[in-house]
Student: 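Sharing a structure here in structure tokens format.
Chain identifiers are assigned alphabetically (A, B, ...) following the order of the sequence lines, protein sequences preceding nucleic acid strands; residue numbering begins at 1 within each chain.
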Number of protein chains: 2
Amino acid sequence: MRIGELSSRTGISVRMLRYYEERGLLAPQRAASGYRCYDEADVDRAALVSSLIRSGLTTKLIIPLLPDGPAPAEAAEAAEAAEAGDGGRRPDPELTDLFTAELARLEAKIACMTLSRDAVRRHLARLAVPAGGA
Amino acid sequence: MRIGELSSRTGISVRMLRYYEERGLLAPQRAASGYRCYDEADVDRAALVSSLIRSGLTTKLIIPLLPDGPAPAEAAEAAEAAEAGDGGRRPDPELTDLFTAELARLEAKIACMTLSRDAVRRHLARLAVPAGGA
DNA sequence: CGTGTAAGGAATTCTGACACG
DNA sequence: CGTGTAAGGAATTCTGACACG
């Protein structure tokens, strides 16, 4: 499918879909016309990326998070860079720290919002059944 | 306690504590000197307000959410306004809608961040135990 | 950094019409 | 009838840039 369809199916703006590609998060085929061609797997992948971005993750952190690894173009670059140093997959302690910090940030935020959600829920329940209160 | 102590105990800036008061979310006593005097209950109340604000709720929405109702000063104003109309507690359908929308927003955001948190957790686990992967 | 927008051009698709065998 | 084609407009997409918080 082309970018417009992916956009309406995912609710992600065309602008952002292009941005994801620029950052190596998505790598659609190209038609002879130059138009991007996305497949079904890209629908899920784009939705996941969007969710991660809305959660506050940066694209740099998202790349290694994606299930099938970085998008082809980026994978090639990464492989090149890796060959320059060693050939294997070393965890990169700096990145690990970033993920650890991110996890803590997400957990704190979720806790905060869960508390708020419960407060709003309780209030709505109170409004609906004004039995016990003053 | 005075504002500095409350601030360090809650991690909320002095600026924000004064703001909460300005918006009717907190109503500390005043010493003869004019200094604000908070009691123990204000520690929890301030923390709750802070959590709600960090979750994106507006102060207008937070006021009716607080367990003991609006802070004294605001309560007086509200009572006045209520007397002008009727004497009872009517739910105010508009506000109810706002809360319903807020609940939906919070639930969506929590779902989004929970998904992201899980992705980060999985990734960290993968980094720690690179047994099964490629 | 993530996102919107205005700009100008290129490729695509649409419809209704005409032509052909 | 099924099919190709030229015509004109509308919708879509492309890239690179600027703006914003």
Side-chain angles (χ1 to χ4, degrees), chain A residues 1-78 81 92-110 112-113 116, chain B residues 12-13 15-16 19 23 50 52-61 101-102 104-121 123-124:
Chain A
M1 80 201 75
R2 292 198 302 251
I3 200 167
E5 186 180 344
L6 181 60
S7 173
S8 56
R9 279 180 61 178
T10 58
I12 302 167
S13 74
V14 167
R15 170 72 176 77
M16 287 313 294
L17 289 173
R18 294 199 189 108
Y19 179 66
Y20 293 173
E21 180 174 356
E22 180 192 323
R23 307 294 299 184
L25 302 171
L26 224 44
Q29 303 277 307
R30 290 292 182 137
S33 60
Y35 285 13
R36 278 162 257 250
C37 296
Y38 299 91
D39 57 36
E40 286 302 316
D42 288 329
V43 177
D44 291 338
R45 191 173 174 103
L48 175 59
V49 168
S50 172
S51 183
L52 290 163
I53 287 208
R54 276 178 290 123
S55 294
L57 285 261
T58 61
T59 53
K60 178 190 170 189
L61 243 44
I62 292 177
I63 292 179
L65 266 184
L66 294 177
D68 308 318
E74 293 298 312
E77 278 177 39
D92 183 352
E94 250 186 74
L95 208 56
T96 304
D97 286 354
L98 287 179
F99 278 119
T100 304
E102 204 52 52
L103 180 58
R105 207 208 88 223
L106 286 168
E107 287 177 334
K109 191 79 183 175
I110 289 171
C112 176
M113 302 197 76
S116 298
Chain B
I12 302 167
S13 71
R15 168 70 176 77
M16 287 312 296
Y19 177 66
R23 306 294 298 183
S50 172
L52 290 163
I53 286 210
R54 276 177 291 122
S55 295
L57 285 261
T58 60
T59 54
K60 178 191 170 188
L61 242 45
E102 204 52 53
R105 209 208 87 222
L106 286 168
E107 286 177 336
K109 191 82 186 174
I110 289 171
C112 176
M113 302 197 77
T114 298
L115 193 148
S116 299
R117 179 201 62 190
D118 291 344
V120 173
R121 265 194 196 152
H123 187 64
L124 278 172

Student: The side chain of R2(A) lies closest to which of these nucleotides: dG4(C), dT13(D), dG2(C)?
Tutor: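 Of the options given, the side chain of R2(A) lies nearest dT13(D).
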
Student: To the nearest Å, how far apart are R36(A) CZ and dA10(C) P?
Tutor: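 Taking CZ of R36(A) and P of dA10(C), I get 17 Å after rounding.
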
Student: Do the side chains of R2(A) and R36(A) get nearer than 4.5 Å, heavy atoms only?
Tutor: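 No - every pair of side-chain heavy atoms lies 4.5 Å or more apart.
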
Student: Determine, for E107(A) against R117(B), whether the closest basic-nitrogen to carboxylate-oxygen distance falls under 4.0 angstrom.
Tutor: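 Salt bridge between E107(A) and R117(B), a charged N being under 4.0 Å from a carboxylate O: no.
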
Student: What is the distance, rounded to the nearest whole Å, between atom CD of E21(A) and atom C1' of dT13(D)?
Tutor: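 Taking CD of E21(A) and C1' of dT13(D), I get 13 Å after rounding.
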
Student: Specify the separation, in whole Å, of atom CD of E22(A) and atom C1' of dT15(D).
Tutor: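 Nearest whole value for this atom pair: 11 Å.
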
Student: Side-chain contact, heavy-atom cut-off 4.5 Å: S50(A) with M16(A)?
Tutor: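 The answer is no, as the side chains (C-beta and beyond) never meet within the 4.5 Å cut-off.
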
Student: How many whole angstroms separate atom CZ of R18(A) from atom C1' of dT3(C)?
Tutor: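 Distance check: R18(A) CZ to dT3(C) C1' gives 13 Å.
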
Student: Within the pair S13(A) and dG4(C), is there a side-chain N or O less than 4.0 Å away from OP1 or OP2?
Tutor: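 Yes, such a contact exists.
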
Student: In terms of side-chain geometry, is the basic nitrogen of R18(A) or E22(A) positioned less than 4.0 Å from the acidic oxygen of its partner?
Tutor: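 Answer for the salt bridge query: no.
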
Student: Whole angstroms only, please: what is the CD1-C1' distance between I3(A) and dT13(C)?
Tutor: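 About 18 Å, once rounded to whole Å.
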
Student: Taking side chain as C-beta onward, heavy atoms only, is L61(B) less than 4.5 Å from L52(B)?
Tutor: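 Sidechains of L52(B) and L61(B): no contact.
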
Student: Using a cut-off of 4.0 Å on non-hydrogen atoms, how would the nucleic acid contact of R30(A) be classed: base, sugar-phosphate, or nothing?
Tutor: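 Touches sugar-phosphate only.
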
Student: Give me the stems containing DNA chain D, sorted by first residue, counting only three or more consecutive Watson-Crick or G-U pairs with both distances under 3.5 Å; say none if there aren't any.
Tutor: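 C:1-5 with D:17-21, C:17-21 with D:1-5 - these are the stems of 3 or more pairs that involve DNA chain D.
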
Student: Please tell me which of M16(A) and G34(A) maps to the more 5' nucleotide of DNA chain C, matching each residue to the nucleotide holding its nearest heavy atom.
Tutor: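 Residue closer to the 5' terminus by nearest nucleotide: M16(A).
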
Student: Which whole-number value in Å describes the distance from L25(A) CG to dC1(C) C1'?
Tutor: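 It works out to 13 Å between those atoms.
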
Student: Could you check how far CD1 of I12(A) sits from P of dG2(C), rounded to whole Å?
Tutor: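 Rounded to whole Å, this separation is 14 Å.
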
Student: Take atom CD of Q29(A) as the centre, draw a 6.0 Å sphere, and report whether it contains more than 12 heavy atoms from other residues, nucleotides or ligands.
Tutor: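 Open.
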
Student: Is the shortest distance from a Lys or Arg side-chain nitrogen in E40(A) or R45(A) to a carboxylate oxygen in the other one below 4.0 Å?
Tutor: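 Result for this pair is no, no salt bridge flagged.
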
Student: Check whether any side-chain N or O of S33(A) sits under 4.0 Å from OP1 or OP2 of dA10(C), and answer yes or no.
Tutor: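 So the side-chain polar atoms of S33(A) never come under 4.0 Å of the phosphate oxygens OP1 or OP2 of dA10(C).
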
Student: Between dT3(C) atom C1' and Y20(A) atom OH, what is the distance in whole Å?
Tutor: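 In whole Å, dT3(C) C1' lies 10 Å from Y20(A) OH.
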
Student: May I ask you to verify whether the side chain of Y35(A) and the base of dT12(C) hold a donor-acceptor pair under 3.5 Å?
Tutor: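 There is none.
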
Student: Quick one: does R15(A) reach the base of dT3(C) with a side-chain donor-acceptor pair under 3.5 Å?
Tutor: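 When only heavy-atom distances are counted, R15(A) does reach the base of dT3(C) through a donor-acceptor pair under 3.5 Å.
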
